[in-house]
Each structure stands twice: as structure tokens, then as C-alpha cells.
Amino acid sequence: MTDEQLKYPTGKFVPPISFTNDDLHHWINDIKILPGKLRQAIMSLNDAQLDTPYRPGGWTIRQVVHHMADSHMNSIIRFKWALTEEQPAIKAYLQADWALLPDYRLPVEPSLKILEGVHQRMVALFESFTENEWSRSFKHPETGDTISLKRNLALYAWHGKHHLAQIINTIKGF
């Protein structure tokens, strides 16, 4: 595989042009099942395997799992800001720098538990959304883009699959 294929095994995120109710239900289900799929994929890995990068120069499986927890915690906050404020500007964070912090060396169980809880709460929110709530949005400070909650759902459904594929591809190499 090329470095680009290793980096983006499911392809880069392409924002949908339109959103159907079936799309929303599919993406909500992706969010619902991700924590279980992730746990199943990594449950038998030892520390040496968890500390294997998914590509040369890339994060380790352990860092990817911790990143997913951080990213999805940030995501639910962004959803909640957009639900309770008029087009809020979200806070970006330096993901690569976070991956170097000491908590990224912890066992993965705390991050798996975070993902399970955050995803359960996300699904409860998403399943209650009206069309008006799905159309709410926030502003991204780095790009200036206005992001609808529908688009953000699609992004995070992709994000989970993207990182899970990185992990699964790495495990296949063991």
C-alpha cells in the first residue's frame, strides 16, 4: 500500500452534497457500533502491538485509540454548542501535540470506555433531532467554514471507520 492508502484506507472524507433520512440513520448506526467494533479489533493486542505505528511516521494503535476518544469528546461538545448557541465558533485543538501528552501512553481501556459513553450519548441526541436541529451549524475557526450538524455527523461516522481501518490494516500485518 502507498503511504496515502495507509493514511486514508477508506479514502479522504468527502462531504455529502445532500442528506437523506436513510443517510442519517446509517451514520447514526455507524456511531452506535463503532466502540464495539474497535474493542473487538484490539482486545487481544499486547503492549508491543498497541505501540505499533499504523504507517511509517504515523501514530501507534494506542495513540489512535486515545485520539479517537479525544476527537469524539470534542465532537459531542461541538454538537451541543450548535444546539444551544447560534452558529457558535468552535475551538480547534492541536491533535498531533495532544498525541504526545503522557495520557496517550496509558492503557487503551479508559479511552474505550470514553468512546462507549460518548457514543451512547451522541446516539441519544441524534435520535431525538428534528430537521431544524440537524440544520443547525457551527463555524470552524481554522477554515471559516460553516458546518451543519448533518455534515458533522457524516464526518464523525467517516472518522471512526477511517481510524478503525487503519488499526485493522495494521493488525493484519502482525
Side-chain angles (χ1 to χ4, degrees), residues 1-15 26-81 90-127 138 140-143 147 149 151-174:
M1 293 180 94
T2 67
D3 190 59
E4 189 74 5
Q5 291 169 321
L6 290 170
K7 191 172 185 178
Y8 297 103
T10 62
K12 291 185 177 181
F13 176 70
V14 177
H26 179 78
W27 296 324
I28 291 168
N29 190 59
D30 289 343
I31 295 288
K32 182 185 279 186
I33 65 174
L34 175 72
K37 284 186 164 192
L38 179 61
R39 182 179 288 282
Q40 183 68 32
I42 66 170
M43 64 189 277
S44 65
L45 300 182
N46 61 40
D47 281 337
Q49 291 169 322
L50 287 168
D51 292 331
T52 302
Y54 74 91
R55 67 180 172 89
W59 289 342
T60 65
I61 291 174
R62 183 186 311 274
Q63 286 173 305
V64 171
V65 173
H66 291 314
H67 159 73
M68 291 172 74
D70 283 345
S71 179
H72 292 218
M73 282 189 294
N74 273 282
S75 180
I76 195 170
I77 299 289
R78 293 169 180 178
F79 277 101
K80 288 182 168 213
W81 278 331
I90 62 161
K91 171 94 171 88
Y93 66 103
L94 302 173
Q95 299 174 44
D97 290 345
W98 284 33
L100 300 175
L101 294 172
D103 63 325
Y104 273 57
R105 292 188 294 273
L106 286 171
V108 294
E109 185 61 25
S111 286
L112 291 172
K113 288 179 179 177
I114 287 170
L115 280 166
E116 289 165 354
V118 166
H119 281 232
Q120 186 175 5
R121 293 182 68 184
M122 283 177 152
V123 169
L125 280 174
F126 300 156
E127 288 178 343
F138 57 79
H140 199 286
E142 293 172 336
T143 64
I147 311 287
L149 296 188
R151 181 185 183 281
N152 206 45
L153 171 64
L155 172 64
Y156 275 86
W158 169 86
H159 187 257
K161 288 183 190 179
H162 159 73
H163 285 305
L164 181 61
Q166 289 172 333
I167 291 168
I168 289 171
N169 287 344
T170 305
I171 293 168
K172 286 178 184 174
F174 294 153

So do [Y] and [X] actually touch side chain to side chain, heavy atoms under 4.5 Å?
| X | Y | answer |
| --- | --- | --- |
| Arg121 | Leu125 | no |
| His162 | Tyr8 | yes |
| Arg78 | Ile147 | no |
| Glu109 | Arg39 | yes |
| Ser71 | His163 | no |
| Ser75 | Val118 | no |
| Asn74 | Ile90 | no |
| Ile28 | Glu127 | yes |

Return the minimal non-hydrogen interatomic distance between [X] and [Y], and the atom names on each side.
| X | Y | answer |
| --- | --- | --- |
| Asp70 | Tyr93 | C-OH, 4.1 Å |
| His66 | Leu106 | NE2-O, 3.0 Å |
| Val64 | Trp59 | CG2-CB, 3.9 Å |
| Ile42 | Val108 | CD1-CG2, 3.7 Å |
| Ile76 | Met73 | CG2-O, 3.2 Å |
| His26 | Lys161 | NE2-NZ, 3.8 Å |

Distance from [X] atom [atom1] to [Y] atom [atom2], nearest 0.5 Å?
| X | Y | atom1 | atom2 | answer |
| --- | --- | --- | --- | --- |
| Leu153 | Phe79 | CG | CZ | 5.5 Å |
| His119 | Tyr156 | NE2 | OH | 9.5 Å |
| Ser111 | Arg62 | OG | CZ | 10.0 Å |
| Leu45 | Ile171 | CG | CD1 | 4.5 Å |
| Leu34 | Met68 | CG | CE | 4.5 Å |
| Ile61 | Gln166 | CD1 | CD | 10.0 Å |

Kindly check if the number of other-residue, nucleotide or ligand heavy atoms within 6.0 Å of [atom1] ([X]) is above 12?
| X | atom1 | value |
| --- | --- | --- |
| Gln40 | CD | no |
| Met43 | CE | no |
| Glu4 | CD | yes |

Taking only Lys NZ, Arg NE, NH1 and NH2, and the carboxylate oxygens of Asp or Glu, determine whether Asp51 and Arg105 approach each other closer than 4.0 Å.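 Judged by the 4.0 Å cut-off on N to carboxylate O distance, Asp51 and Arg105 do not form a salt bridge.
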Might you work through the side chain to side chain contact (heavy atoms under 4.5 Å, CB included) test for Val65 and Leu38, ending with a clear yes or no? CA-CA 8 Å; Val65 173; Leu38 179 61; 4.3 Å; yes
Donor-acceptor pair, distance only, cut-off 3.5 Å: does the side chain of Trp158 make one with the backbone of Gly11?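 Confirmed, Trp158 side chain pairs with Gly11 backbone.
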Between Glu116 (side chain only) and Pro35 (backbone N and O only), is there a donor and an acceptor less than 3.5 Å apart?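 Pair absent, no side-chain N/O of Glu116 close to backbone of Pro35.
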Start with the C-alpha distance between Asp3 and Arg55, add both sets of side-chain angles, then the distance that settles side chain to side chain contact (heavy atoms under 4.5 Å, CB included), and finish with yes or no. CA-CA 7 Å; Asp3 190 59; Arg55 67 180 172 89; 3.6 Å; yes
Do Phe138 and Trp81 have ring centres separated by under 6.0 Å?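 Between Trp81 and Phe138, which both carry aromatic rings, the centre distance is not below 6.0 Å.
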Do His159 and Phe13 have ring centroids that are under 6.0 Å from one another?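 No: the rings miss the under 6.0 Å criterion.
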